Every structure is written in C-alpha cells, then in structure tokens.
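Beneath this line is the structure, given in structure tokens, with notes to follow.
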Amino acid sequence: MLDLALLRRDPQRVRRSAERRGFGAGFVDEVVELDARLRAAKTATEALKAEKNALTATIAKAPDRAAEAARLRPVIATLEERIAIAAAAVPPLEAAIDALLADVPNVLDDSVPDGSGEDDNVLVRDSGPPPPLGFEAKPHWEIGEALGILDFERAAKLSGARFSVLRGPGARLSRALAAFFLARAQERGYVEIAPPLLVTPQTMWSTGQLSKFADAMFYDADAGLFLIPTAEVPLTALHANEILPGEALPLQYAAHTACFRKEAGAAGKDTRGLIRQHQFEKVELVWLADPQKSFETLERLTADAEALLQELELPYRVMLLCGADVGFNAAMSYDLEVWLPGQNTYREISSCSNCTDFQARRAQIRFRRDPNAKPELVHTLNGSGLAIGRTLVAVLENYQQPDGSVLVPAALVPFAGFETITPDGVAH
RNA sequence: GGAGAGGUGGCAGAGCGGUUGAAUGCAGCGGUCUUGAAAACCGCCGGCGGUGAUGAAUCGUCCGAGGGUUCGAAUCCCUCCCUCUCCGCCA
C-alpha cells in the first residue's frame, strides 16, 4: 500500500513511477482529491463529536446528573443527528481511496531502469559464458524420464497437468538441495522457520497478494484459507501488527516450503517439465530491515542467493529488472537466471526484491529506532535461495553426461549422499 | 466436535456505567546522587488519525473483533475470533 502522505506531498513522484510501470497514473489526482474531501469530512465530524463529549462531561460533573441529563438530552440529540450526517460522508470516501490504492503497485526506486518488458532488463553481471557441453544437450524431462527419476505421466494420473513425481535419486536430490540451501542460509545468519502453508485472507492481503492475485492462488472458501504461493507470505507477515525494538533489526528468516500456484494466466506456457508447476518447493529468504539500509540489504540478499549458484557451479546471470518488469510489491528487483543448456536459455531461479515499506504498511510491521522514538515502518525484502525444482532442472541439464548419466555437483554430494546417477537410474 | 475458564498498555495485574487512555508493580527513557556503577529518590513513559510547520498545543478514536443499549461503556446485552483446561477424534 502506498503512503497517502507521500501521495499528498509528492504526487509527481508517484505519477512518474506508475507511468514507468505502464500503470495508468490517473489514480493520483483522484486519490489526492478524495483525500482532501476525506480530511475535511473527518475534521467536521470530529468537531461535532468534541462538542457532544463536552456536554456529556458536564452531565458527569453536575451535582444532579439526572436533571442535567434531562436538560441536555434534546441538545445532544440534535448534535447526534448532525454527527450522523457528517460521519456518513467518511466511510464511502475511505472505501473509494482504499479501492483505488489497493491495486496500485509500489513506487519504483529511481535506480530502476526504464523499459517496457523483460527484454529491457539490464545485465548486471554473469558467471561468464556457459561452458559448452560438447554434445547435444537434452532437456531435463528427457534426462529425468530416461533415468526414471522424473515421472510426469503418473503425476498427471494422480493430479492432472502441471504436477510431477520425483522418484528415488530424483527425490533424494531435491531433498538434498533443500538441506544444502538451508545449511547455507543458517551460515549466513538466517533463522529457519517452518511456517503454516495455509494462511488467512488477511495475511494474504498484508503481503500484497490480495486482492490482485486472488485468481492465481488455491483457496478453500469453506475454511477461509489460502495455500501460500510462496513462503514470502508467512515469513514477511510473521511480525505483522508488531512494534519491534530497534536492536531486533535486521531480522533474517529462511523457510523451506511447498508453494502452490494456479498459474491461471500461463496456459500453454512451459507445459513440459518442472519449470512451471502447481506445486513446487522453494527455500525463501526474507529480511525485515532498517529502512535506511534496505538497498544495501538487497545487495546482500542477492549475493546470498547468488553464492548458492556459484557453489553449485551453475552458469547464471544477474538482471536488474526494468520498470515494467518489477513486481507489484517491489521497488527494485534483481532476477537470478540460471543457464539451461537443454533449452539453450537462461531461466529465472530467484527474484530478489526490496519491497521498501509497501508490505510493512499493509502488515503494520514497525520498529522503534530508539526506546522513546515514534514507531517507523520496517522495510521488507525477499528472494528465493533458491527455487528447488528449477535448481534440480539446472543440475540435470548442466551436469548431464553423454551416456545419459548425471553427476551431482560437488557441493551437493555431502547432502545427497551420492556422486552420480548412472544411466540405469541408480545412485552411486 | 463437546464442556468449562479467560482475552485490559512492552510484561504482570487492577478497574461501583460518569473528568479512566485506563490504578499499581516491573521493564524502558531522562535527571539527582556517585570517581564510575549499583541502590535510593524525582520526572517522563501506548497506538492511529485530524487541525497545526513532521514544534507547542488541541481534538477524535482505540481496553480481542464487530454490532447493540445509554446523555455517557473497559465496565451491561448479542454475534464472531482466539487462548487455556478437561473429554472425544486424529497424522
């Protein structure tokens, strides 16, 4: 949620950000106007209420309360009618402002480059040109099915399209990735959390998933609970409605969870393989940071995710997202893209974002810089460290051998407990 | 799912329907004292919003949430949520 005060103070900045996102800026003038009317209505209402409260107090102080009450009742009744009329103007104005603001994305940071789509994202750095395999690269689904460690047919039998079954060494490798990611996260100061995977609409709202993305999520109307599309939701909202002591910051959380997405708008896209599933696993990294340090924190978070790719020796690049590509909640984002030789392309494996105070305002996550200071909103950041399914894809495609076997990255061996999957699908 | 108890400020814990935004204690902050610290003593010490200069001041609002009764509700009534205890069920 945008800061109304910012909108009042610097509408030009909000307008420019919206335009750079390709989001209409018409809401700015509308909100500013509604806000002025809202404050006028509130001031009027509150003046009348103050009048009424003063009369009530005189009753309380009168020697004969009953007599005084009887005397003032008609006056108060008149006031009450005027209060009701004045107050009636407030909720519609609030609702109108909320409705306008609910779908407005965060204000972009000035350092975000202009652009109209992912082709305008800016390459920040990469791990060098991907080393050639020296033979015809196969896509991961062919590798995995040949080894008997990926089974999409049986997954479809069980659950329909966009599900997968991992078997034997495939399942073990996936579990090893999770353990590896969590171990590194812990070494870098993240506290591991095992959160609920089902959360309330309120929680979804607080981290910006509602109401814009409602149709992309699994929801049980009966229970009134959403399946999380990412652990960003419970991790970020963990301290909702809290005022943290200043020395508690920064807070770093990591969670390995399943994530659930309908991918409603993705029909026909990435229909093969593990890239786009209704259910996938991910280790998510979240920071609650001092607002003055959130942009350096974004560099740190990105480096933490990047280090995982380096250690796995997977070719990757870091992209700074352009204005049109930055997500709803974020002010600035880096995408980590891993090289997939089977598809001859880079694919997103982590998106690291500084959401500034946008989620914190919705979730009311605050802190006191000093014990007597006014509460301030924290800044929230999130990124995958990393997406497990997509990392498995990258390992299969980058570590495939001419004979159909797959090597396990050295860093992963201690977690997997094996070094290779031979062409017969056996782990050694 | 059934029965009972309870939800008040950072914590603990009071609160006859009427200057109660809320006693008291602890914690925190500022100060006195001290070479320093502790102790003692004094003062301050909730959130949100409006007016105002992001100051002083002032007003409104909030005692789990939402309604209701009343001139007036933390205090009475209704609904919901949550927590705890016991029983049942269960991975």
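For clarity, every value in this text was computed on a predicted model and none was experimentally measured. Chain identifiers are assigned alphabetically (A, B, ...) following the order of the sequence lines, protein sequences preceding nucleic acid strands; residue numbering begins at 1 within each chain.
Proximity note for A/R65 (side chain, C-beta onward) versus B/G18, B/G47, B/G50: the nearest is B/G18. The side chain of A/T43 approaches B/U51 more closely than any other nucleotide in the set B/C71, B/G46, B/U51. In the set B/U61, B/G47, B/C71, B/G47 carries the atom at the smallest distance from any side-chain atom of A/R368. In the set B/G47, B/C71, B/G50, B/C71 carries the atom at the smallest distance from any side-chain atom of A/R73. When the nucleotides B/G47, B/G49, B/G18 are ranked by their closest atom to the side chain of A/K42, B/G49 comes out on top. Nearest nucleotide to the side chain of A/K61, out of B/G47, B/U19, B/C71: B/U19. Which of B/C71, B/G47, B/G49 sits closest to the side chain of A/E80 comes down to B/C71. Of the candidate nucleotides B/G60, B/C71, B/G47, B/G60 has the atom lying nearest to any side-chain atom of A/K49.
Figure legend. B/A57 is base-paired to B/U51; pairs are counted as Watson-Crick or G-U wobble with both atom distances under 3.5 Å. Of the nucleotides present, B/G43 is the one that pairs with B/C29 by Watson-Crick or G-U wobble criteria, both distances under 3.5 Å. Judged by Watson-Crick or G-U wobble contacts below 3.5 Å, the nucleotide B/C86 has B/G2 as its partner. Checking B/U35 for Watson-Crick or G-U wobble geometry (two distances, each under 3.5 Å) identifies no partner in any strand. Pair check for B/U79 finds B/A65; Watson-Crick or G-U wobble, both atom distances under 3.5 Å. Across every strand in view, B/A12 sits in a pair with B/U24 that passes the Watson-Crick or G-U test at under 3.5 angstrom. Pairing of B/A74, defined by two Watson-Crick or G-U wobble distances under 3.5 Å, is not identified with any nucleotide.
Across the protein-nucleic acid pair, A/R9 atom CZ and B/U54 atom C1' stand 9 Å apart, rounded to whole Å. One interatomic measurement links the two molecules: CD of A/E46 to P of B/C62, which rounds to 11 Å at whole-angstrom precision. To the nearest angstrom, P of B/C29 lies 18 Å from NZ of A/K374. The CZ atom of A/R366 sits 8 Å away from the P atom of B/G49 (whole-angstrom rounding). Distance CD (A/E51) to P (B/U61): 13 Å, rounded to an integer number of Å. One atom, CG of A/L55, and another, P of B/U19, lie 17 Å apart when rounded to the nearest Å. Atom CZ of A/R8 is separated from atom C1' of B/U54 by 12 Å (rounded to the nearest Å). Rounded to whole Å, atom P of B/G47 lies 13 Å from atom CD of A/E376.
For A/I243 and A/T56, each mapped to the nucleotide of RNA chain B holding its nearest heavy atom, the one lying further toward the 5' end belongs to A/I243. Closest-nucleotide positions on RNA chain B for A/I59 and A/A66 were compared, and the one nearer the 5' end corresponds to A/A66.
There is a side-chain donor-acceptor pair under 3.5 Å between A/Q12 and A/R15. There is no side-chain donor-acceptor pair under 3.5 Å between A/N382 and A/S353. A donor-acceptor contact closer than 3.5 angstrom links the side chains of A/E281 and A/H256. With 3.5 Å as the limit, one finds no donor-acceptor pair spanning the side chains of A/E284 and A/T257. Judged purely by distance below 3.5 Å, without hydrogens or angles, the side chains of A/S116 and A/D120 pair a donor atom with an acceptor atom.
B/G9 and B/G28: their C1' atoms are spaced 13 Å apart (whole Å). The gap from the P atom of B/A39 to that of B/U19 amounts to 37 Å, rounded to the nearest Å. Distance noted for atom C1' between B/G66 and B/C82: 15 Å (whole Å). When the C1' atom is compared between B/G50 and B/G68, the two are found 28 Å apart, to the nearest whole Å. For the C1' atoms, the distance linking B/C90 with B/G4 amounts to 23 Å, nearest Å. Using P as the reference atom, B/U58 and B/U75 are 28 Å apart when rounded to the nearest Å. Between B/C11 and B/C45, the two C1' atoms lie 15 Å apart (nearest whole Å).
Contact check, A/N53 against B/G60: a side-chain N or O comes under 4.0 Å of OP1 or OP2. A/R39 has a side-chain polar atom (N or O) that falls below the 4.0 Å cut-off from OP1 or OP2 of B/U51.
Counting any heavy atom pair closer than 4.0 Å across all strands shown, A/A50 reaches sugar-phosphate atoms only and no base atom.
A salt bridge links A/E80 to A/K52: one of the charged nitrogens lies within less than 4.0 Å of a carboxylate oxygen. The pair A/D151-A/R167 does not meet the salt-bridge criterion, since no charged nitrogen lies less than 4.0 angstrom from a carboxylate oxygen.
A heavy-atom distance below 4.5 Å is found between the side chains of A/W287 and A/Y190.
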